[in-house]
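Contents: one structure, followed by commentary.
Residue numbers count from 1 along this sequence.
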Amino acid sequence: MELIKISSKHLFSPRRETIYWVKKAIKQISKSKTKKIKVLDLFAGSGIIGILVLKNIKNSVVHFGEIDKNALKAVKENLEKNKIGKKRYKIIKTNVFSNIKEKYNFILANPPYIAPENRFFVQESVLKNEPKRALFSKDKGLYHIKKLIIGAKKHLKEGGALYFEFDHYHKNLLENFLKEQENLKYKICKDQFKKFRYCKVLFFD
């Protein structure tokens, strides 16, 4: 796994748990026989997920979707810092899928998933340094995840897959929602600390 350089100006820092599942996803994506692999990094933050894809999958193109203007700046700076050619990426200001017009082989996402009522359990350093909209989500923390799952099918090419992170406390609620959806199958996976942390979803007609 080739490492990347991150601008010290920005504090959108992925956790070890995030890097763990992204590495797993990249390993699976690299097995794709598609000549040009098109990936969407949604809720991109500072772009770490998408840049890891670009650095480790040479035939990949990544679009970065994000709503926060400071995060969009961070994505651009980190792409430049890692010397990623401009033909290999696109940066899109979007609220979930609002400005996403294309289809992808894979979607990787680390959406907001902390329920507002649980804000008192979040470390003070995280609350201070991270944008609130990157952390909190209504509907018990599942609002953005539900929008992500519902919208992903329209933006995935045939045989494509969605990978996303969630709070391990949501495992049962998430699984109940997934079971209610039609024409998909999923796998909920554990992180390196043996906590349920990320999910892979496949869609079919």
Side-chain angles (χ1 to χ4, degrees), residues 10-15 17-22 25 39-50 53 62-72 74-75 91-104 106-123 126-127 129-156 160-184 186-189 191 195-203:
H10 304 288
L11 297 167
F12 304 85
S13 302
R15 300 183 304 161
E17 297 93 320
T18 302
I19 299 301
Y20 177 86
W21 72 259
V22 172
V39 177
L40 173 63
D41 177 3
L42 196 57
F43 307 101
S46 53
I48 307 308
I49 292 175
V53 172
V62 175
H63 291 181
F64 296 83
E66 175 55 67
I67 191 172
D68 186 270
K69 63 180 182 180
N70 291 321
L72 292 168
V75 171
I91 301 172
I92 305 168
K93 185 174 183 179
T94 182
N95 185 1
V96 194
F97 289 106
S98 63
N99 289 322
I100 304 296
K101 309 299 181 185
E102 301 180 47
K103 290 192 174 186
Y104 302 87
F106 299 93
I107 298 174
L108 279 62
N110 186 9
Y113 55 68
I114 300 173
E117 56 268 27
N118 292 336
R119 64 183 299 119
F120 301 105
F121 297 101
V122 182
Q123 291 180 348
V126 174
L127 289 173
N129 295 326
E130 299 286 355
K132 302 299 182 290
R133 67 174 63 182
L135 298 173
F136 298 105
S137 186
K138 56 187 178 181
D139 191 10
K140 298 181 180 179
L142 289 174
Y143 175 78
H144 291 90
I145 286 176
K146 289 179 178 179
K147 291 194 73 172
L148 171 66
I149 293 168
I150 292 170
K153 184 176 182 180
K154 299 177 183 177
H155 295 282
L156 280 170
L162 164 68
Y163 292 83
F164 66 91
E165 183 172 326
F166 66 94
D167 193 319
H168 65 278
Y169 292 114
H170 293 149
K171 196 263 186 180
N172 292 335
L173 289 173
L174 172 62
E175 191 156 26
N176 289 339
F177 178 76
L178 287 166
K179 287 177 178 178
E180 293 172 354
Q181 309 309 303
E182 296 180 349
N183 301 328
L184 63 76
Y186 63 89
K187 183 177 182 181
I188 297 178
C189 306
D191 61 21
K195 292 183 178 180
F196 289 105
R197 180 65 58 192
Y198 69 101
C199 183
K200 177 181 179 181
V201 182
L202 302 173
F203 300 89

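You'll find the side chain of Val53 stays beyond 4.5 Å of the side chain of Asp41, heavy atoms only. Between Val62 and Ile49 the shortest side-chain heavy-atom distance does not fall below 4.5 Å. Side-chain contact between Leu142 and His170 is present, with at least one heavy-atom pair separated by less than 4.5 Å. Between Gln181 and Val201, the closest side-chain pair of non-hydrogen atoms is not below 4.5 Å. Contact check for Phe43 versus Asn110: no side-chain heavy atoms found under the 4.5 Å cut-off.
Here OH of Tyr163 is found 9.5 Å from NZ of Lys187. Values are rounded to the nearest 0.5 Å. The CG atom of Leu108 sits 8.5 Å away from atom CG of Leu40, with the distance rounded to the nearest 0.5 Å. To the nearest 0.5 Å, atoms NZ (Lys200) and CZ (Phe106) are separated by 7.0 Å. Remark: Leu156 CG to Ile107 CD1 distance equals 4.0 Å, nearest 0.5 Å. Residue Asn95 holds its CG atom at 10.5 Å from CD1 of Ile100, rounded to the nearest 0.5 Å. To the nearest 0.5 Å, atom CG of residue Leu184 and atom CG of residue Leu178 are 6.0 Å apart.
Nearest approach of Phe64 to Gly50, heavy atoms of both residues: CE2-CA, 3.6 Å. Closest heavy-atom contact between Cys199 and Tyr186: SG-CB, 4.1 Å. The two atoms that bring Gly45 and Val75 nearest to each other are O-CG2, 3.2 Å, heavy atoms only. Heavy-atom minimum distance, Gly160 versus Leu202: O-CD2, 3.7 Å. Nearest heavy-atom pair, Ala109 versus Leu148, reported as atom, atom and distance to 0.1 Å: CB-CD2, 3.7 Å.
A donor-acceptor pair under 3.5 Å links the side-chain atoms of Asn99 to the main chain of Lys93, judged by distance alone. Formation of a donor-acceptor pair under 3.5 Å by the His155 side chain with backbone atoms of Glu102 is found in this model. Between the side chain of Asp68 and the main chain of Ala71, a donor-acceptor pair closer than 3.5 Å is present.
Residue-environment remark: CZ (Phe177) exceeds the threshold of 12 foreign heavy atoms within 6.0 Å.
Within the cation-pi definition used here (under 6.0 Å to the ring centroid, within 45° of the axis), Lys171 qualifies as a partner of Phe196.
There is no side-chain donor-acceptor pair under 3.5 Å between Glu17 and Tyr198.
Ring-plane geometry between Tyr104 and His63 is classed as perpendicular, the angle between the planes exceeding 60 degrees on a 0 to 90 degree scale with a lower cut at 30.
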Under the criterion side-chain contact (heavy atoms from CB on, under 4.5 Å), I'd like the reasoning laid out for Phe164 against Leu174: C-alpha separation, chi angles, the key distance, then a yes or no. CA-CA 12 Å; Phe164 66 91; Leu174 172 62; 4.0 Å; yes

